[in-house]
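Heads up, the thing below is written out as structure tokens.
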Amino acid sequence: MNAKLTPKKVLIIRFSSIGDIVLTTPVIRCVKQQLGAEVHFLTKKSFRVVLEANPYVDQLITISKKVEEVLHVLKAAQYDLIIDLHKNLRTAKLKWLLGVPSVAFNKLNVEKWLIVNLKVNRLPDAHIVDRNLATVASLGVENDGEGLDYFIPEKQEVELASLFGDFEIPDGMVPPVDERGNPQYVAFVIGAAHATKRLPMHRIIEVCRGIKRPIVLLGGPNEAEVGQSIAEQAGRHVLNSCGQFKLNQSASMVRQAWKVISHDTGLMHIAAAFQKEIISVWGNTIPAFGMYPYYGAQATPHEMVEVQPLSCRPCSKIGYDNCPKGHFKCMEQISIETIQKACI
């Protein structure tokens, strides 16, 4: 690609998932602000909510399964440049069909394979956000240090009064809000796409029992039953909201939280976009993959809790439904005390 090219209209591609799309937002913002380009973004329909309120996206284009669904729209747009932040066979086919100059993200598949299978670490010491931005460095785009973006429509903000209205503060607990009305609860994101990224229920209960503040459990419908069991067993200071909120409402709960405990999942990155202090808990994946909480130039304190060294970790760059070794040491041996102390 010609390094002197200054595109007037660009298409950014990232099909999934919540966290990965949030991690593209510095590219969206910097391309928009520094190049003055018209920015279109292509993703899956199920993830539209992540960017639909982003003011730096001029047009959000979505597909259900195949790019052919919107090929006529993409051809008619006449893009000057495609910024491929997904880089797979689907995006390769699309770029060929459009015949537009493109730049593509380096997925480091070889390096990830080496550390997962041979435990040989050749991964660069760089966050995925910096690697995303390196994709557009030849255009003169630079990291503005502003971190991640996440925008919540006002009507989807959660009123804390409605949540804590009937909440009885157990003896010895910190109230849900301070004297100025600032939130003092801990948001605990108990879900994750794969089981090996999640603390087992008994360990979550153990964490919650040792935190002397109100805790709001966050998760989707799949976590609703587990969340209820945790709340019933952990104490009256634990409120289960799993399955009750849509994504933007959960993001609102994260935004208003005092601190956030999260597994390696999308809401962790949304919390980082709001510069929240995060206690991130790592199972089969590792921060070295470059997807730990990203705050830009802000020195936001955070804690990453993991079991190391552990010879079987990482066992996957994504995750499994069950521990391949059967012992699940990466989560069973997590320091519960470290998580609890971070919430004092």
Side-chain angles (χ1 to χ4, degrees), residues 157-192 197-265 267-268 270-272 274-283 293 300-305 331-332 334-344:
E157 291 278 7
V158 176
E159 290 289 339
L160 292 185
S162 64
L163 186 70
F164 289 110
D166 298 324
F167 181 72
E168 296 183 9
I169 305 168
D171 293 339
M173 292 285 168
V174 178
V177 294
D178 63 20
E179 67 277 3
R180 293 170 298 188
N182 297 320
Q184 292 287 291
Y185 65 90
V186 175
F188 196 152
V189 183
I190 67 170
K197 283 186 170 185
R198 304 191 296 261
L199 280 166
M201 185 174 75
H202 69 276
R203 303 237 72 197
I204 295 176
I205 292 170
E206 190 178 351
V207 170
C208 292
R209 284 175 175 169
I211 295 175
K212 302 302 181 182
R213 293 179 183 272
I215 299 171
V216 178
L217 304 179
L218 295 175
N222 292 337
E223 287 79 46
E225 186 175 339
V226 171
Q228 187 58 36
S229 295
I230 293 168
E232 290 172 354
Q233 297 179 59
R236 291 186 295 115
H237 65 301
V238 181
L239 302 178
N240 175 38
S241 72
C242 297
Q244 298 177 27
F245 294 138
K246 294 183 178 180
L247 179 61
N248 279 336
Q249 293 170 310
S250 292
S252 176
M253 291 302 301
V254 162
R255 186 187 65 78
Q256 297 180 82
W258 176 64
K259 292 185 180 181
V260 178
I261 303 172
S262 180
H263 300 121
D264 175 17
T265 191
L267 276 177
M268 179 185 75
I270 291 174
F274 295 127
Q275 298 291 326
K276 306 306 295 187
E277 186 170 339
I278 300 167
I279 302 95
S280 56
V281 182
W282 299 80
T300 303
H302 65 284
E303 184 92 36
M304 293 188 288
V305 188
M331 283 303 193
E332 291 291 355
I334 280 282
S335 172
I336 298 302
E337 184 180 43
T338 299
I339 302 172
Q340 293 168 339
K341 282 185 175 180
C343 294
I344 293 176

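Along the sequence shown, residues carry numbers from 1.
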Would Val281 and Val207 satisfy side-chain contact (heavy atoms from CB on, under 4.5 Å), going step by step from the backbone distance to the final call?
-> CA-CA 12 Å; Val281 182; Val207 170; over 6 Å; no
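- The two residues Ala224 and Asn240 have their closest heavy-atom pair at O-ND2, 3.4 Å.
- The line from CD1 of Ile204 to CD1 of Ile190 is 5.0 Å long, rounded to the nearest 0.5 Å.
- A donor-acceptor pair under 3.5 Å links the side-chain atoms of Gln340 to the main chain of Glu206, judged by distance alone.
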Worked check of side-chain contact (heavy atoms from CB on, under 4.5 Å) between Gln256 and Glu157 = CA-CA 10 Å; Gln256 297 180 82; Glu157 291 278 7; 4.2 Å; yes
Could you tabulate the donor-acceptor pairs under 3.5 Å formed by side-chain atoms of residues 209-221, not counting sequence neighbours?
residue: Arg209; atom: NE; partner: Gln233; partner atom: O; Å: 3.2
residue: Arg209; atom: NH2; partner: Gln233; partner atom: O; Å: 2.9
residue: Arg213; atom: NH1; partner: Gln184; partner atom: OE1; Å: 3.0

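- Side chain of Arg203 to main chain of Glu332: a donor-acceptor pair is present (N/O by atom type, distance under 3.5 Å, no hydrogens or angles).
- Residues that satisfy the side-chain hydrogen bond (donor to acceptor under 3.5 Å, both in side chains) test with Ser229, not counting sequence neighbours, are absent from this structure.
- Closest approach of Arg255 and Lys276 over heavy atoms only: O-NZ, 3.1 Å.
- Rounded to the nearest 0.5 Å, atoms NZ (Lys259) and NE2 (His302) are 13.0 Å apart.
- Closest of all the heavy-atom pairs between Gln249 and Lys246 is OE1-N, 2.9 Å.
- In Glu232, the CD atom is crowded: over 12 heavy atoms of neighbouring residues, nucleotides or ligands sit closer than 6.0 Å.
- In this structure, the side chain of Ser252 engages the main chain of Val158 through a donor-acceptor pair within 3.5 Å.
- Remark: Tyr185 OH to Leu160 CG distance equals 5.0 Å, nearest 0.5 Å.
- Across Trp282 and Pro293, no two heavy atoms sit closer than the pair CZ2-CD, 4.3 Å.
- The distance from the CZ atom of Phe188 to the NE2 atom of His263 is 5.0 Å, given to the nearest 0.5 Å.
- Going from atom CG of Leu267 over to atom CG of Leu247 covers 6.0 Å, rounded to the nearest 0.5 Å.
- With hydrogens and angles ignored, the 3.5 Å screen pairs a side-chain donor or acceptor of His237 with a backbone N or O of Cys208.
- The two residues Ala272 and Ile278 have their closest heavy-atom pair at N-CD1, 3.5 Å.
- A pairwise comparison of heavy atoms in Ser262 and Met268 identifies OG-CB, 3.3 Å as the closest pair.
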